[in-house]
Amino acid sequence: MRLTEPEHPQDECGVFAIASISNVSTDIFYALRTLQHRGQESAGIAVYNSGIKAIKGMGLAHQALKPDDIKNLKGDLGIGHVRYSTMGSSTIENAQPIVVSTNYGDIALAHNGEIVNADRIMDELKKKGWAFITSSDSEIAVRLLANDIANTGDPVKSLKNLMSLLHGSYSMTIMIDNRVFAIRDPLGFRPLCVGRTKGGYAAASESVVFDTLGGEFIRDVDPGEIVELLPGEVRSIKTSLSKGKAHCMFEWVYIARADSCIDTKLVYEVRRRIGQRLAKEQPVEADVIVPIPDSGRSHAIGYSEASGIRYSEGLIKNRYVERTFIMPDQSERTTNVMLKLNPLKSILKDQRVVLVDDSIVRGTTIRQIVQIVRNAGAKEVHVRVGSPPIRAPCYFGIDMKTREEFAATGRTIEQIGKMITADSLGYLSVEGLVDAIGLPASDLCLGCLTEEYPLTVEGEKTRYQKKIDAWM
Ligand code: SF4
C-alpha cells in the first residue's frame with residue numbers, strides 16, 4: 001500500500017514493448033498507466049518512425065507525458081517505461097527509455113531490475129576511455145549493446161553477448177533500429193510476459209496490461225529467453241544462459257498487482273493462500289480481522305477465511321496524498337500516518353483486532369498504525385504478517401539496501417512485537433510462503449529472508465555455492 005511504503009519493499013520499474021499494424025503510442029501510454037504501481041518517478045515512450053523518437057518526463061505517466069506529445073508520437077513499433085530508482089538518482093537524465101544513436105541505427109532500452117556487476121563494468125569501461133552521462137546501470141547495458149552491434153551488425157547476436165556480460169536481474173524491452181525485443185535474465189528474477197493486442201504483439205512486466213489493452217496474455221518469457229515482437233507473431237530466441245530459476249517472491253507478496261498472473265500463478269490467489277496459511281501458523285483469539293489498506297487486503301481475506309474470524313475494513317485510506325510516499329529519498333518518506341489513514345472507531349472500539357499486512361521492513365509505520373487502532377478504542381491489537389522477517393538486503397532490484405534498516409535486524413520476533421507495541425506479532429514461515437506461492441523453493445529467490453542468494457554477491461552466501469560463470 002502506498003501509505004506504508006516506508007514499510008514496503010519497492011520495485012524500481014515497469015517495462016512494455018509492442019509491434020503493431022497501427023500507431024502504438026496510445027497503447028504504450030495505457031500500458032504505463034497500468035504498470036504505474038511499479039514506478040512513479042518518471043515515465044517515457046520511444047517509437048520507431050524512420051529512426052527512434054522518444055518523450056519522457058518526471059512523475060506519474062499522465063503527468064510526465066502530455067496528450068499532445070503522445071498524439072504526435074507516430075510509429076507502429078515502440079517501448080515504454082515507468083521508473084522507481086534503486087540505482088541512479090531521481091532525475092530526468094535517468095528517465096527511460098534510454099536512446100542512443102549508432103551506425104547500425106538508433107537503440108532504445110527500458111530496464112526493470114538491477115545489474116549487480118554494473119560498477120565493475122563501468123570502472124573497466126571508464127579505464128578504456130568510455131564516457132557515461134547518467135549514474136544508471138541501464139546506461140551501461142545500452143552502451144555495451146551499441147558497441148557490440150557496431151562489431152557484429154547482428155542485433156540478436158549482440159543481445160546474447162550483452163546477456164552473457166550482465167550479472168543480476170533484468171527484464172528489458174529494447175528497440176534496435178526497426179526491430180523490437182524483450183529479454184529476461186537467466187534466472188528470471190523480475191517478471192516479463194508476452195501477449196496479443198488488437199493490432200499485434202506485446203511484452204509487459206505484468207499480464208494485467210493485456211486486460212487493459214483489450215488483448216490476451218499468452219505466456220511468461222522464459223528465464224534467459226529473447227523474444228522478438230512482430231505485428232504477426234512473437235519470435236522466440238532461446239539462449240543457453242539459464243540453468244535455473246529465481247523468481248522474486250516479493251512480486252507475489254507485495255509488488256505485482258493482485259490481478260496479474262506472474263510465472264503461472266495469479267497474484268490474488270497466492271496472497272489469499274498466504275493469509276490462509278498465516279492463520280494456521282499464527283492463530284490468535286480475536287473479534288475482527290482488519291487489513292492494512294491496500295497491501296494487506298488479500299492476505300487478510302485469506303486469514304479471515306481460514307480462521308473464521310469476521311473480516312472488516314477498519315482503516316480508511318486517503319487516496320490523494322500517496323505521492324509523498326513514493327519518493328525514494330528517505331527524508332521524503334517520513335510523514336504523518338494519520339494523514340493517510342483514519343480509523344473506523346465503530347468497528348475497532350472494544351474489539352480484539354488482528355491487523356494483517358504483507359510485510360514489515362522497518363517497522364516504523366506499522367508501529368504508528370497499531371497506536372492509531374489502540375487510540376480508536378481497540379482492546380487488543382495483534383499483528384500478522386504475510387511474509388517471513390526481512391533480514392538481508394536485496395541486490396536484484398528491490399529497494400532494501402542495508403541490514404540496519406530492517407526491524408528484524410538484531411531483534412527476536414518478540415522484541416519486534418514490543419517495538420511496534422503490538423499485543424502479539426506473528427510472521428509467515430519461509431516454508432509457508434513457498435507453499436502458498438506454489439512453486440518449488442529452488443525456483444524462487446528468497447535471499448532477503450534466508451540470507452542465501454541465487455547469484456554470487458560479494459560478502460554474501462550463495463544458495464548454490466556456485467560462481468556466476470557456472471550459470472552461463
Ligand atoms: S532478495 Fe528478496 S526482494 Fe530481492 S529479488 Fe530476492 S526475494 Fe526479491
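Values below: every heavy atom of this structure, side chains too, minus hydrogens, waters and symmetry copies. Residue numbers start at 1 and run along the sequence shown. For ligands, and for the atoms within them, numbers begin at 1 and follow the listed sequence.
Shown in contact with C448 at under 4.0 Å from a heavy atom are these atoms of ligand 1, numbered in order with element: 1 (S), 2 (Fe), 3 (S), 7 (S). Close contacts between ligand 1 and F250 involve ligand atoms 3 (S) [criterion: under 4.0 Å to a heavy atom]. Every atom of ligand 1 is numbered from 1 in the order shown, and the set under 4.0 Å from a heavy atom of C248 is 3 (S), 5 (S), 7 (S), 8 (Fe). Near I398, meaning under 4.0 Å from one of its heavy atoms, ligand 1 places the atoms 3 (S).
Between the side chains of D185 and S169, no donor N or O sits under 3.5 Å from an acceptor N or O. Y84 and D399 share a side-chain donor-acceptor pair at under 3.5 Å.
The side chain to side chain donor-acceptor pair (under 3.5 Å) test applied to E460 returns Y395, R403, not counting sequence neighbours. For F189, the ring pair (Phe, Tyr, Trp, His ring centres under 6.0 Å) partners at least two apart in sequence or on another chain are F396.
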Do Y170 and R190 pass the side chain to side chain donor-acceptor pair (under 3.5 Å) test, and can you show the C-alpha distance, the side-chain angles, and the key distance before you say yes or no?
CA-CA 7 Å; Y170 53 89; R190 308 260 73 85; over 6 Å; no
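Not a single N/O/S atom of C394, whether from backbone or side chain, sits less than 2.8 Å from atom 6 (Fe) of ligand 1.
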